[in-house]
Amino acid sequence: MACVIHFRRSALRAANLRWIMAGFRIGRRRPAQLLEVHDADLAKQAGQVLVVTDDRIRIAAEELAFAEAELGADATTPLSEALVAVRRRLSDAFRLNRLNHDAIPGTADEVRARYLRIVELCGWVDDVLEEHTSGLADRMRRARRAPEIIAGVRRDIESLRPRIPVAGDTVERLAARYAPEALSQIEANPAEADQLLGFAAHSVRVAERRRSAGQREQASVALEASVESVRRAVTLLDAVEAFEVEALRAESALAAIVEESRRDVAAALDEPPSRRVADAIGELQAALAALPPAGVNTDPFAHLSRLREARAVLDAAITSAHERASDLIPLVDDLPHAIKDADRQLDIARDAIAAHPGWISPEAHTRLAESEHARIDLGHFLGGSGAVIATTDQERREQVIAMARRVASLASECLQRARHDIEAARRHARPLGSRGRAGSLTDDRRLVG
């Protein structure tokens with residue numbers, strides 16, 4: 001039936017294309033002939049799309065009957081409502097067509113406008129039906145695969161159960177190294193995963209009983225619940241395994257940024273006196289002082305984030321101080337600092353995304369890509385990625401600094417979005433874009449009740 005729908009839709013599109021091409025073929029004729037041929041082709045096309053659209057609605061009504069038997073009336077309500085609306089529009093189209101065939105149809109412009117409206121109405125009907133029938137066909141296809149999906153869910157449950165005690169041992173091992181606040185997002189994951197797998201097994205049994213009783217809609221709801229529970233269990237267990245590696249990466253990055261921060265403080269102390277720079281130095285020194293001594297359990301993620309933010313504030317304060325000192329006129333010496341700040345912000349954003357694969361939203365990735373493209377443009381403008389403009393042209397210097405600040409601004413926005421995504425993912429133990437590790441757990445298995 002889906003093939004028939006596709007054929008009818010293709011026929012409607014082909015009719016539209018033939019009418020458009022006809023307009024090109026007659027374009028070289030005289031104006032009167034052109035108008036006459038155009039109107040004849042338009043009338044022919046309107047008649048064709050009326051027939052095709054009427055047939056399309058009939059086929060959609062047949063699909064609705066099959067879907068109601070397979071999925072239940074509630075699942076097919078949107079298509080039922082859509083059919084009411086498109087039948088009303090098609091009636092309007094037929095009424096316009098009858099007016100054009102009356103004894104006195106009106107002026108040529110009126111007739112032409114009615115035919116154009118008929119084509120427009122039929123196109124709208126086709127789009128609406130395509131939207132509803134395609135989604136319903138996917139749901140019916142998944143519903144018919146219910147026995148296969150049930151078997152897959154059971155296999156996933158059996159393969160995931162041995163991972164629960166391993167995850168519990170991992171949490172205990174991590175607790176001996178990291179602070180409780182660092183483990184707050186994963187310490188309950190093993191127990192929650194075990195509970196979710198129990199719920200998934202129960203939901204599968206309910207789905208089988210409802211399906212045997214002919215209650216297909218209720219069976220679909222239960223099966224969808226089981227698939228979702230298994231998916232969430234996979235996410236929780238994967239988060240425990242990923243945490244250990246991410247914590248080690250954060251510790252390594254923290255050691256490096258501590259050394260860089262101390263050098264930043266020493267360099268900033270040589271800057272001309274400024275209240276804002278002094279406050280930024282104090283914040284960075286406080287972040288360094290808050291680091292626990294060796295042997296004390298710590299939260300490397302929190303310390304790493306605080307140091308990076310404090311360094312960014314210090315860089316901005318120094319840049320602002322330089323601008324004020326030069327009466328807001330960029331100097332040649334400011335160029336390396338602006339480019340260095342842009343590169344540092346971009347590196348921080350890259351590190352944040354690279355350290356959390358699958359956790360970061362497309363918006364953060366987009367900002368990172370924009371920042372990288374802006375950095376490439378800056379490199380081209382400079383004549384090379386590491387080149388610095390040494391010129392007395394004030395306008396050119398200002399343009400370079402503006403480009404560097406755009407790189408830094410986009411990277412900073414990327415970092416903010418990435419931090420938000422990471423915090424959200426940890427709260428819900430659901431890395432963005434993760435599909436888990438159970439090989440048989442696929443999107444096709446997700447039923448929408």
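Taking the side chain to side chain donor-acceptor pair (under 3.5 Å) definition, one finds that Glu181 meets it with nothing, sequence neighbours left out. Listed by chain and residue number, nothing satisfies the side chain to side chain donor-acceptor pair (under 3.5 Å) test with Glu158 (two or more places apart in sequence, or in another chain).
Residues Arg112 and Asp109 are paired through a salt bridge, judged by an N-O separation under 4.0 Å between the basic side chain and the carboxylate. We find that Asp343 and Arg350 are not joined by a salt bridge, their nearest charged nitrogen and carboxylate oxygen being 4.0 Å or further apart. Between Arg344 and Asp347 no salt bridge is recorded (no basic side-chain N to carboxylate O distance below 4.0 Å). Salt bridge annotation for Arg231-Asp156: absent, with no cationic side-chain nitrogen under 4.0 angstrom from a carboxylate oxygen. A salt bridge links Arg417 and Glu413; the closest N-O separation between the charged side-chain nitrogens and carboxylate oxygens is under 4.0 Å. A salt bridge is absent between Glu370 and Arg406: the closest approach of a Lys/Arg side-chain nitrogen to an acidic carboxylate oxygen does not fall below 4.0 angstrom.
More than 12 non-hydrogen atoms from other residues, nucleotides or ligands lie less than 6.0 angstrom from CD of Glu110. Summarising the local packing, CZ of Arg161 is surrounded by more than 12 heavy atoms from other residues, nucleotides or ligands at distances under 6.0 Å.
Of the possible polar contacts, one joining the His101 side chain to the Asn97 backbone as a donor-acceptor pair under 3.5 Å is found. Counting only distance, with no hydrogens or angles, the side chain of Ser252 and the backbone of Leu248 share no donor-acceptor pair below 3.5 Å.
Separating the CZ atom in Arg311 from the CG atom in Asp341 is a distance of 10.5 Å, to the nearest 0.5 Å. In this structure, CD in Glu187 is found 14.0 Å from OG1 in Thr170, a value given to the nearest 0.5 Å.
Of all heavy-atom pairs spanning Ile157 and Ala201, the tightest one is CD1-N, 3.6 Å. In plain terms, the two heavy atoms of Val407 and Ser371 that are nearest each other are O-OG, 2.9 Å. Between Ala338 and Ala404, the shortest heavy-atom contact is O-CB, 3.7 Å. When all heavy atoms of Leu223 and Ile150 are compared, the pair lying nearest together is CD1-CG1, 3.6 Å. Annotation for Pro105 and Asp102: closest pair CD-O, 3.5 Å, computed over non-hydrogen atoms.
When Leu121, Val128, Leu129 are each tested for a side chain to side chain contact (heavy atoms under 4.5 Å, CB included) with Val125, only one passes: Leu129.
Between Phe243 and Phe301, the ring planes lie tilted relative to each other; the angle falls in the 30° to 60° range.
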Original post:
Going through the distances and angles, do Asp351 and Arg308 end up as a side-chain contact (heavy atoms from CB on, under 4.5 Å)?
Top reply: CA-CA 11 Å; Asp351 290 343; Arg308 283 174 170 168; 3.9 Å; yes

